[in-house]
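I have placed the structure first, in the form of C-alpha cells, so that the comments after it can refer back to it.
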Amino acid sequence: MKNQIGQLVSQALSRLAEQGVIPAQLPEPAIERARDSRHGDFACNVAMALAKAARARPRELAEKLIAELPPNRLVERVEIAGPGFINFHLAQDAYHALIPQALEQGARFGHSALGGGKRIQVEFVSANPTGPLHVGHGRGAAYGAVVADLLEAVGFQVHREYYVNDAGRQMDILATSVWLRYLELCDETLPFPANAYKGDYIWDIAATLHREHGELYRVATVELLADLPADEPEGGDKELYIDALIARSKLLLGDNRYRFVFELALNVILDDIRDDLALFGVNYEEWYSERTLTESGAVTRAIEKLRALGHVYEQAGTLWFRSTAFGDEKDRVVVRENGQHTYFASDIAYHMDKLERGFDRVIDVWGADHHGYVPRVKAALSALGNDPERLDVLLVQFANLYRSGEKVQMSTRSGSFVTLRELRKEVGRDAARFFYVMRKCEQHLDFDLDLAKSQSSDNPVYYVQYAHARVCSVLRQAAEKGVSVEPSAGVENLQLLTEAHETALLGSLSRFAEVVELAAFNREPHQLCHYLRDLANEFHTYYNAHQFLVEDERLRDARIKLILAVQQVLRNGLNLLGVSAPERM
RNA sequence: GCCCCCGUAGCUCAGUUGGAUAGAGCGCACCCCUCCUAAGGGUGAGGUCACACGUUCGAAUCGUGUCGGGGGCACCA
C-alpha cells in the first residue's frame, strides 16, 4: 500500500523534473503513515524537503505535485496541509481489498520480494562447545533465528550458520576435564584443577567413557601429577597449571587416546547443543568447523595474504597484524610466540572465507561483550581488499532473569547458570522465543519468568495466541451452525464492514507487510512483537463490542472474512517469531 | 583513561529512520457488566523525552559537551 503511494509520488516528481520545476536529482520520496486520522492515511513531506532546492514555497510545490499525480483508484482524495504535507486519503475499497489478498496469499501474505534473491548469511549463537547453552545464548539464538526468517520473508536467500569452535585451548581444557573426572571414576584420587570445567555434564561424559571403555584410559595419579607447577589454591597460577596438565595428558595418553577423549567430549556436547536448538525451533543450513579452517590451510593462507600485502610485521617472535592502519586502536597478534595462531587469526580466515563463498551480505550476531572485536575484524576485511560494509555485526545485550521480582543470580565460572533447556522447560518454547525478541537487541532484557508463565492477558504471548485461538473458536461455532467459513465465500459483502473497530482492524492488516519489511531491514524483530500485540488487542476489543455470527447473513459473512484475514496475519506473524499459533487454549 | 550501548508516564518499554497535539501495557482513579470462550469491559488522570548548547521551516530522533546506569578494553576462546 505504502509502496504504491510512493510510486505515484515518484511519477509525479519525474514529470516535474522534466518540466524543470525541480532539480533532476530526485530524492526517494518519504511516505509515512499519518499519525492522526484527520491527516488521512499516508503523508508525504517531499514538497518541504525539495522547497529549498527548487526555490519555491513548499505549499506551492505541493500543489504542482498533486496536479501531476496519476489517477489511482486507491486514492480518494489528496490534500495539502500544515507547512506543506501532502496527505493521501484512501478509498474504503482499498482496505476491503486486503481481505481477499490475505486469504488468497495465505502463508505468503505480508511477504515480499524486496530482497531480490540476494544471498545473505546469518551466523549466530556459535557458542563454544564446552558446555550446554545458557540463557544468554538463548537470546542470540532467538534473535538470530527471527532476523534470518524475516530476511527470508522479504526475499533474501538466507544461509544460517553456526561456527563451531572445535579447536583451541578451551577445547583442550574440556577434554582434560573429562579425562580427570574419568580417572576419579577409576578410583584415582586427585585434586581437581581450579580452571577446569566443573559442571555435572562433565561427569556424564566421563561416565560414558568409563562405562564403554573400562580402564583403557586409566593412568596412575603419581605419573600424572609428577613435577607439575602449583595450582591456584596452592598459590600458583591456574592458567600455567592447566596448560601443564593438558600437555601431560597428551603425553600420557598418546595422540590416539587423547584424540578419542577429545572427540567424545566435543561430540556429546555438540549433539546436545544441536538438539537443544532444534527443540527451540532454531535450525541451520550449516555447522562450520573451525578445525577444517586450520586443516585446509585457510588460516595460513589468510596470514600469508596479509603478509604479501605488507600488513603484518614480526616483533619479539610474534606476528602482528597492523590493524591500526585500518581504524583499530591497537595492533593485534595473529601468531603467538609458541607458533600457534590466535583465535583472531582463524576469525580473519573465517570471515575471508564467508565473503569468498559469495554472500552479498554477511551478518554476525555476537554478545555485546564482544563489541571490541568489531573494529579488528572489519580492519582485517579492509586489509584483504574487501568492503567492510558487507559485514554487519549485531550486538545482543545480556538477558537477566527475574523470578518473584528478584534477579536470578548467574555465573558461568562457578557453573551456577540457568541453561536454555531449563528455561524452555520452565516457561515453554513459545514464551521464551517471544520474550527474547520483545526488546531491541541493544537493550538489556529483563526476562520476567512469572509473567512468561502466566496465562493472562498481561502475558503478551498468551494474549496474541489467545486472539488466534479465539478466531478458531468462532469459526468452529460457525461451522456447527452450518455457516460457511470458506475463504472464498462472501467476499462481495465486505463494504458492510463499516464499524470503527472494523476499520481499525483493516488499518492494522494494511500495516503488516510494512512491519515485516521494517523489522527485516532494520533487524528489529521487536517491531513484529509490538505489532502483533496491537493487532490482538484490536481483535479482542472488536470481539467484546460486536457479535460476529449475526442474523444478517451478508454482514455475518463479511465479518467471518475479516476475522479469517486477522487469523492469517496472526498466524504468519507468530510463525515468523517461531511461536506456535494454537487452535484452542 | 579510552571505546560501545542505554537514559521517554510511578514501573516495563514503543516511537514508522527529522514531521503535525510524544504512545502502549501494568499500576492508579472512576463507571459498567456476567452475553459467540474461558483473560472481565469502558473512561480518565499521569511527561521539562536526563541536562545544556548547536544544526533547520521543524529535534525524543542528528552533532558537541556534562551527569547517571550497564558492558568492554588478552600472545583467552
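All heavy atoms count here, side chains included; hydrogens, waters and symmetry mates do not. Chain A is the first sequence line, chain B the second, and so forth, proteins listed ahead of strands; every chain is numbered from 1.
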Looking across every strand, which nucleic acid part, if any, lies under 4.0 Å from Ala34(A) by heavy atom: base, sugar-phosphate, or nothing? nothing
Pairwise C1' distance for G63(B) and G71(B), with rounding to whole Å: 25 Å
Counting only heavy atoms not in Glu553(A), do more than 12 fall under 6.0 Å of its CD? no
Ion pair Glu63(A)/Arg57(A), N-O distance below 4.0 Å: no
Where does RNA chain B form stems of at least three consecutive Watson-Crick or G-U wobble pairs, each pair having both distances below 3.5 Å? B:1-7 with B:67-73, B:10-13 with B:23-26, B:28-32 with B:40-44, B:50-54 with B:62-66
Select base, sugar-phosphate, or nothing to describe what His526(A) touches, counting heavy atoms under 4.0 Å on all strands. sugar-phosphate
Once you apply a heavy-atom cut-off of 4.0 Å, does Arg439(A) come out as touching a base, just sugar-phosphate, or nothing? sugar-phosphate
Send over the distance from Gln397(A) CD to G70(B) P, rounded to a whole Å. 13 Å
Integer-rounded Å distance: C3(B) C1' and His370(A) NE2: 16 Å
Residues in ring-ring contact (aromatic ring centres under 6.0 Å, His included) with His137(A), at least two apart? His134(A)
For every nucleotide of nucleotides 54-64 of chain B, 5' to 3': is a protein heavy atom under 4.0 Å from its base (B), only from its sugar-phosphate (S), or from neither (-)? ---S--B----
Which part of the nucleic acid, if any, lies within reach of Asp328(A) when heavy atoms closer than 4.0 Å are counted: base, sugar-phosphate only, or nothing? nothing
Can you measure Tyr463(A) atom OH to A38(B) atom C1' for me and round it to whole angstrom units? 15 Å
In terms of heavy-atom contacts, Tyr463(A) and Asn537(A) come closest through OH-OD1, 2.9 Å
Which heavy atom of Arg523(A) sits nearest to which heavy atom of Ile363(A), and what is that distance? NH2-CD1, 3.6 Å
Consider only side-chain N and O atoms of His468(A) and Arg571(A), and report whether a donor and an acceptor are under 3.5 Å apart. yes
Does Gln455(A) make a side-chain N or O approach to OP1 or OP2 of A38(B) shorter than 4.0 Å? no
Check the distance between G19(B)'s C1' and Ile86(A)'s CD1 and give it to me in whole angstrom. 14 Å
Give me the distance, rounded to whole Å, that separates G42(B) from G58(B) when you measure between the C1' atoms they each carry. 37 Å
Determine the Euclidean distance between corresponding P atoms of U64(B) and C28(B); express it in Å to zero decimal places. 43 Å
Any salt bridge linking Glu538(A) with Arg533(A)? Criterion: basic side-chain nitrogen under 4.0 Å from a carboxylate oxygen. no
For Met1(A) and U16(B), give me the distance from atom CE to atom C1', rounded to whole Å. 16 Å
Across the strands shown, which category fits Ala43(A) at heavy-atom distances under 4.0 angstrom: base, sugar-phosphate, nothing? base
Specify the separation, in whole Å, of atom CD of Glu524(A) and atom C1' of U16(B). 10 Å
N-O pairing of Asp446(A) and Lys407(A) below 4.0 Å: no
Under 4.0 Å, counting only non-hydrogen atoms across every strand here, what does Met438(A) touch: a base, just sugar-phosphate, or nothing? nothing
Is it true that Glu263(A) and Arg291(A) have a side-chain N and a carboxylate O under 4.0 angstrom from each other? yes
Ring stacking, His39(A) with base of A20(B), under 5.5 Å and under 30°? yes
Can you tell me how far P of A38(B) sits from OH of Tyr462(A), to the nearest Å? 11 Å
Asp41(A) atom CG is separated from U16(B) atom P, nearest whole Å, by 19 Å
P gap between C6(B) and C13(B), integer Å: 14 Å
What's the gap between C75(B) and G70(B) when it is taken at their P atoms, as a whole Å value? 27 Å
When the C1' atoms of G10(B) and U34(B) are considered, how many whole Å apart are they? 32 Å
Need one value for Glu337(A): base, sugar-phosphate or nothing, where a base atom within 4.0 Å counts as base even if backbone is also close, heavy atoms only. base
Report which part of the nucleic acid Arg169(A) touches: base, sugar-phosphate, or nothing (heavy-atom distance under 4.0 Å, all strands). sugar-phosphate
P spacing across the pair A9(B) / G15(B), given as an integer number of angstrom: 15 Å
Using a 4.0 Å heavy-atom cut-off across all strands, classify Thr541(A) as base, sugar-phosphate, or nothing. sugar-phosphate
For G71(B), is there a stacking contact with Phe398(A), counting only centres under 5.5 Å and planes under 30°? no
Side-chain H-bond candidate by donor/acceptor type, Gln4(A) with Gln7(A), under 3.5 Å: no
What interatomic distance, in whole Å, is found between P of A24(B) and the corresponding atom of U16(B)? 16 Å
Only residue of Tyr436(A), Phe435(A), Phe447(A) satisfying side chain to side chain contact (heavy atoms under 4.5 Å, CB included) with Arg139(A) is Tyr436(A)
